[in-house]
Structures are given as structure tokens and as C-alpha cells.
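Okay, structure first, notes after.
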Amino acid sequence: MTEEAEVLFETRGPLGLVTLNRPKALNSLTLNMIRLVDAQLRTWADDDAIKAIVLLGAGEKAFCAGGDVVSLAKEWDGVEQLRKDFFREEYILNALIHTYPKPYIPLVDGISMGGGVGMSVHGSHRVVSEKVLFAMPETTIGLFPDVGGTWFLPKLRGEVGTYLALTNSRLKAPDVVYAGVYDSFVPSANLPGLLDALATADWLGEDLHAIAGNIIGGFQKHAGEPTLAEHQAVIDRCFGHDSLPDILAALDAEGTEFSSQAAQAIREKSPLMSSVTLRQLRKGAPLSFNDCMILEYRMTQACMAGTEFFEGVRALLIDKDKNPKWSPAKLEDVTEEMIERHFASLGDEDLKL
């Protein structure tokens, strides 16, 4: 029996179709998948016959539920090199998507978290269906919201990006469109029709991005009423602070069910990595895309040299006891030096973009 390819590539008329093809693993990204997609995107960028890229996830559940973090957390021969190569090459792919010269159209018809967000959020035309379930859940596993979170989270509506990064809250279609994570809502049943329309369009003219936008616009519907809107004022008021203790104090002072749930969610995460994440977003807000990715790569290597990521993955995904022993265990024991070491230059080892 032939092993199924992890990524499927095909051309359909003027489209280059990319299908992430690990449905049993919710299409979570491996280094091999990252390398395959990167190489094919570069080939299609130079192919005049290809006018646009469409990205899909195989199966019924997931677009892409993240990266294969268990492989990174376990100890085996070669893992130290993987802990460098995986993040470096993933971020280079994120940057390629961000600057891609042709329309890059993810059809997010299922779970999109972590690495899946990196494969989609930087695209030029970002489409979701009612099946989308979005989150940046990294602080739950002792990491930080990477794959360009430094870039896109501060650009979301108000302080929603900070809220999502620190609570790891999950959003459905109305809220991802409201927040500005994705652009367009197309019902799942209509996605095959949209794909056919993109594949049969003549794509005549200089502005391929305008052509793509017009085609998608013909299928776009109202996503529904967002639940975040009613909490926007509280989110902005509480998550606008620049220190985690101040954010938690503000949430506690609100005294509502929403604010108490948000505070509880933060308190369950790694105190260190939550503090690092808040600093990351504040540092990232004024930076260029490339500088954000360079910063994130530095952070990954600090995490790979630390304890929180390994403990978080153990507790959630390996032993599954859901009882991580964070270090330090208390927020008051997190020092400035602990936070800032995550942003230190790697010198010659810094990410090259």
C-alpha cells in the first residue's frame, strides 16, 4: 500500500491547488509539508499560466490544526536540528505567503489553529466557512503565538489580538470576520462553486488580486452576528495594559462572567510564557513583517532551551494529565530578565529573510 502524500498539488485551469493531506492528524504541519509547499509556491510564482493559489485542508474536520509539536517536544536523534529547522523554514514560508506576487486564497473550512493560521492569515484573500474554528492556543502548551502572531494580532480590532493571545479563546466565523483575522465568509456548501468560478475565470487583465476579489465577492455572505462585539469595550479596557498583573487586576475589577472567565483562562497558562507573549505583542506592533518573524525565531530558540514548552506539550498532548507544572508557578516570581531573554539576538543564527 502506497503511503499517501502529505501535501497534494494539482493545477486546475489557471489555479495552483494545494491540499494539506494529513486528515487523521487534522492536517497538522510537518517539516516535510513546509518544504513541499515552499518549493511548489516558488515554482508557481514564476509560472505565467498560474494566476492564483488556492489552499485547502483534506477531510471533514480541519483546515490545519497547527504544527506537529509532539515531534519537537520528544527527545530523539536529530531533534535538536529539527527544533531549529522546523521554525526557521516555517517562518520563511509564512514570509513567502505574506509577499506572494499572485492571489493566495485559503479556503478555511474547518479547524484553523497555530501553524494553520500561519498558512492562511497572511494570504491576500482569506475565506472562511461556518465550519471554521480559530485559535492561537500556544500559551496552553508553554509557547507563544508565533507564525506571524507578532504581526497580525496587534492589527486586529481594538485589543482583541491581546485577548486571543493570552486566553487562547476559540472563535467561530462571525467573530473571526469581525475581529479581522479573515476577510470573507462563504458557506461551506458554496465553496465548490467558488473553486469552480476561480478555475474557469479568464483572469484577463493586469490586476489579478482585483479579479480574485471580485469572484469571491460574488459568493460572499454575511457571517452572522459576532459575540465579541458586546465585549469589545471590556476587552479594550482590560487588555490595553502593558503588564500581565495590570490586565488581571482590570479583569478582576470588572466582575462579569466574561471577565472572570478570561482571567481564569490566563491564570491556567504558563505565567512566564503569558508574560513573554504580552511583551511580544507590544514589541511587535511597530515592527515590519520580517522583523516580527526574526523576533519570533529568537523566541522559539529560547523556548527550546527552556522548560515551559516541554512541560506544556507533556501535560496536554503526551501524558494528557492536563496538569502542567509551570516554572515559575506564580506570576509574581516571573522576572524581567526571564522575559527579556526570549528576545535576545542569536547573532549568526538569527533568521535570514
Side-chain angles (χ1 to χ4, degrees), residues 7-23 26-27 29 33 37 40-41 44-45 47-65 93 96-98 100-113 115-134 152 171-226:
V7 187
L8 305 177
F9 301 104
E10 65 173 299
T11 55
R12 190 177 301 180
L15 299 182
L17 290 185
V18 180
T19 303
L20 305 177
N21 191 40
R22 297 181 70 218
L26 302 179
N27 299 321
L29 294 176
M33 294 168 75
V37 174
Q40 189 62 60
L41 288 182
W44 279 338
D47 185 344
D48 291 340
I50 299 297
K51 305 301 183 183
I53 307 299
V54 174
L55 182 65
L56 307 165
E60 294 295 312
K61 288 185 177 180
F63 171 75
C64 174
L93 176 56
L96 173 62
I97 294 168
H98 177 72
Y100 204 68
K102 299 174 181 181
Y104 179 99
I105 309 166
L107 302 183
V108 183
D109 191 33
I111 298 166
S112 180
M113 298 183 183
V117 177
M119 293 293 290
S120 55
V121 76
H122 306 304
S124 59
H125 300 76
R126 306 165 302 179
V127 178
V128 297
S129 78
E130 71 279 4
K131 291 165 66 176
V132 69
L133 184 63
F134 163 91
F152 81 85
L171 302 184
K172 295 184 178 180
D175 283 315
V176 295
V177 175
Y178 167 82
V181 179
Y182 295 122
D183 306 309
S184 306
F185 172 78
V186 175
S188 184
N190 296 351
L191 290 176
L194 171 58
L195 190 56
D196 287 343
L198 291 165
T200 56
D202 56 28
W203 294 88
L204 295 176
E206 292 292 317
D207 193 344
L208 298 179
H209 287 85
I211 295 169
N214 288 336
I215 295 169
I216 294 167
F219 288 81
Q220 187 172 343
K221 303 290 185 185
H222 179 56
E225 294 305 317

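Note that the numbering runs from 1 along the sequence shown for the chain.
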Sub-4.5 Å side-chain heavy-atom contact between L133 and M113: yes
Is the shortest side-chain heavy-atom distance between I53 and I97 below 4.5 Å? no
So does D48 get a backbone contact from the side chain of K51, meaning a donor-acceptor N/O pair under 3.5 Å? yes
Distance col, row I105:CD1 vs H209:NE2, nearest 0.5 angstrom, shows 8.5 Å
How long is the span from the OG1 atom in T19 to the CG atom in L17, to the nearest 0.5 Å? 6.0 Å
Which heavy atom of I215 sits nearest to which heavy atom of W203, and what is that distance? CD1-CZ2, 4.2 Å
Grab the two heavy atoms, one from W44 and one from V18, that are nearest each other, plus how far apart they are. CZ3-CG2, 3.7 Å
Residue pair D109 / S129: nearest heavy atoms and the distance that separates them: OD1-OG, 2.5 Å
Any non-hydrogen side-chain atom of S188 less than 4.5 Å from a side-chain atom of E130? yes
Student check: side-chain heavy atoms of M119 and L93 closer than 4.5 Å: yes
For a side-chain contact (heavy atoms from CB on, under 4.5 Å) check, start with the C-alpha distance between V176 and F185, then their side-chain angles and the critical distance, and finish with the verdict. CA-CA 10 Å; V176 295; F185 172 78; over 6 Å; no
Please report the closest heavy-atom contact between G180 and R126, naming both atoms and the distance. O-NH2, 3.6 Å
Between L107 and V186, is any pair of side-chain heavy atoms under 4.5 Å apart? no
Might you confirm whether atom CD of E10 has over 12 heavy atoms from other residues, nucleotides or ligands at distances under 6.0 Å? yes
Heavy atoms of Q220 and D183 approach each other most closely as NE2-O, 4.2 Å
When rounded to the nearest 0.5 angstrom, what is the spacing between CD1 in I211 and CD1 in I216? 12.0 Å
Can you tell me how far apart CG (N21) and CG (L56) are? Round to the nearest 0.5 Å. 11.0 Å
Tell me if a side-chain donor or acceptor on N27 pairs with a main-chain N or O of A58 at a distance below 3.5 Å. yes
Let's go through V117 and F152 carefully: what are the C-alpha distance in whole Å and the side-chain angles of both, what is the deciding distance for side-chain contact (heavy atoms from CB on, under 4.5 Å) to 0.1 Å, and is it a yes or a no? CA-CA 10 Å; V117 177; F152 81 85; 3.6 Å; yes
side-chain hydrogen bond (donor to acceptor under 3.5 Å, both in side chains) against Y104, all qualifying residues, sequence neighbours excluded: none
If you take all heavy atoms of S120 and P106, which pair is closest and at what distance? O-CG, 3.5 Å
Starting at OH of Y178, measure out to CD of E225 and round the result to the nearest 0.5 Å. 11.0 Å
Nearest 0.5 angstrom please: L55 CG to F63 CZ, how far? 4.0 Å
Would you check if there is a donor-acceptor pair between the side chains of S124 and Y100 at a distance under 3.5 Å? no
